[in-house]
Amino acid sequence: MIVDTLDRAARYHVLGEKFVKAFDYLRQTDFNTVPKGKYEIDGANVFAIVNEYDTIPEEGEQMEAHRKYIDVQYLAAGEERIGHDFLGDKIPSKAYADAEDYMLFADKPAFYTVLKQGQFAIFYPSDLHMPNLRVAGPVAVKKVVIKIAVD
């Protein structure tokens, strides 16, 4: 996993052309004018999901992981806490759902990050993550999740 700010995203262009497209989209888009929804960047290889919500308490939440897509989670507005851990040999509490590309894990996160406006986190298939959590109280968030195909 990687956590950084969008103004330093160019250092991650070495990860490949799909990452270049993802970060170009984030830099060039005014998310104040973009409604919730799914937006194609490069077909099924790279696409964005724009969402708005209030952060939630951790109780009852589970970590997730994906197999087909890498997540680039960018905070366009607000702040949230994200729990993390490494997949390792952990056993899912909800088996992998191929169509939705996710599985859930009931383990508690090993560590947390607070993402603020203008920051992003990259989660690979080996990175468990529990997003959308409150830092203190509920906060309105606008988040863009860019899905980057692994293959």
Side-chain angles (χ1 to χ4, degrees), residues 1-53 55 58 61-92 94-105 107-133 135 139-151:
M1 63 196 79
I2 296 169
V3 177
D4 211 334
T5 58
L6 189 58
D7 63 338
R8 294 193 300 240
R11 66 178 55 173
Y12 305 104
H13 287 184
V14 298
L15 298 174
E17 185 60 32
K18 293 180 214 174
F19 282 90
V20 172
K21 290 177 182 180
F23 288 122
D24 284 349
Y25 176 80
L26 290 174
R27 279 191 296 269
Q28 296 168 5
T29 305
D30 177 4
F31 292 105
N32 293 318
T33 64
V34 178
K36 290 170 43 173
K38 183 177 175 181
Y39 298 89
E40 184 178 306
I41 299 169
D42 182 19
N45 288 316
V46 183
F47 61 91
I49 300 167
V50 177
N51 202 0
E52 297 180 62
Y53 53 86
T55 54
E58 182 177 341
E61 293 301 302
Q62 296 189 51
M63 290 187 289
E64 63 183 23
H66 313 287
R67 290 184 180 165
K68 295 179 192 175
Y69 288 95
I70 298 163
D71 276 6
V72 177
Q73 298 193 9
Y74 171 71
L75 264 283
E79 68 176 10
E80 73 178 35
R81 192 166 59 108
I82 300 176
H84 313 273
D85 207 338
F86 300 102
L87 177 59
D89 59 357
K90 291 182 176 48
I91 298 170
K94 180 184 181 326
Y96 180 72
D98 186 64
E100 295 85 12
D101 185 38
Y102 82 97
M103 56 189 147
L104 296 177
F105 296 81
D107 305 72
K108 292 294 179 193
F111 53 98
Y112 295 84
T113 300
V114 174
L115 279 188
K116 297 179 184 272
Q117 183 174 341
Q119 296 178 323
F120 66 87
I122 300 174
F123 299 107
Y124 286 87
S126 59
D127 301 327
L128 302 179
H129 50 287
M130 181 190 293
N132 309 351
L133 304 177
V135 174
V139 172
V141 167
K142 187 163 198 176
K143 182 194 274 184
V144 182
V145 177
I146 306 235
K147 297 288 197 174
I148 297 176
V150 171
D151 55 359

Query raised in the report: Between Asp85 and Lys108, is there a side-chain N and carboxylate O pair less than 4.0 Å apart?
Result: no
Query raised in the report: Are any of the side-chain nitrogens in Asp101 or Lys147 under 4.0 Å away from the carboxylate oxygens of its partner?
Result: no
Query - Over 12 non-hydrogen atoms of neighbours within 6.0 angstrom of NZ in Lys116 - result: no
Measuring only between side-chain heavy atoms, which start at C-beta, is [X] closer than 4.5 Å to [Y]?
| X | Y | result |
| --- | --- | --- |
| Met103 | Gln62 | no |
| Phe120 | Leu115 | no |
| Glu64 | Phe123 | no |
| Met1 | Phe86 | yes |
| Ile122 | Ile148 | no |
| Val20 | His13 | yes |
| Tyr39 | Val144 | no |
| Val150 | Lys68 | no |

Query raised in the report: When the ring planes of Tyr12 and Phe23 are compared, do they come out parallel, tilted or perpendicular, using 30° and 60° as the limits?
Result: tilted
From [atom1] ([X]) to [atom2] ([Y]), nearest 0.5 Å:
| X | Y | atom1 | atom2 | result |
| --- | --- | --- | --- | --- |
| Thr113 | Gln119 | OG1 | CD | 9.0 Å |
| Asn45 | Glu40 | CG | CD | 9.5 Å |
| Ile2 | Asp127 | CD1 | CG | 9.0 Å |
| Asp89 | Ile91 | CG | CD1 | 7.5 Å |
| His66 | Tyr124 | NE2 | OH | 14.0 Å |
| Met130 | Leu104 | CE | CG | 9.5 Å |

**Report entry** Listed once per pair and sorted, the salt bridge (Lys or Arg N to Asp or Glu O under 4.0 Å) pairs that draw on residues 25-39, sequence neighbours left out
**Finding:** Asp24-Arg27
Query raised in the report: What do the steps show when you test Tyr112 against Leu133 for side chain to side chain contact (heavy atoms under 4.5 Å, CB included), and what is the final call?
Result: CA-CA 10 Å; Tyr112 295 84; Leu133 304 177; 4.2 Å; yes
What's the shortest heavy-atom distance between [X] and [Y], and which atoms?
| X | Y | value |
| --- | --- | --- |
| Val3 | Ala121 | CG2-CB, 4.1 Å |
| Pro109 | Met63 | CA-SD, 3.8 Å |
| Ala48 | Tyr25 | CB-CE2, 3.6 Å |
| Ala65 | Pro125 | CB-O, 4.0 Å |
| Gln73 | Pro131 | OE1-CB, 3.6 Å |

Query - Trace of the side chain to side chain contact (heavy atoms under 4.5 Å, CB included) decision for Ile146 with Phe19 - result: CA-CA 9 Å; Ile146 306 235; Phe19 282 90; over 6 Å; no
Query raised in the report: Any donor-acceptor pair under 3.5 Å linking the side chain of Lys142 with the backbone of Phe31?
Result: yes
**Report entry** Asp42: partners by side chain to side chain donor-acceptor pair (under 3.5 Å), with sequence neighbours left out
**Finding:** Lys21
Query raised in the report: Among all residues two or more places apart in sequence or in another chain, which pass the salt bridge (Lys or Arg N to Asp or Glu O under 4.0 Å) test with Glu80?
Result: Lys143
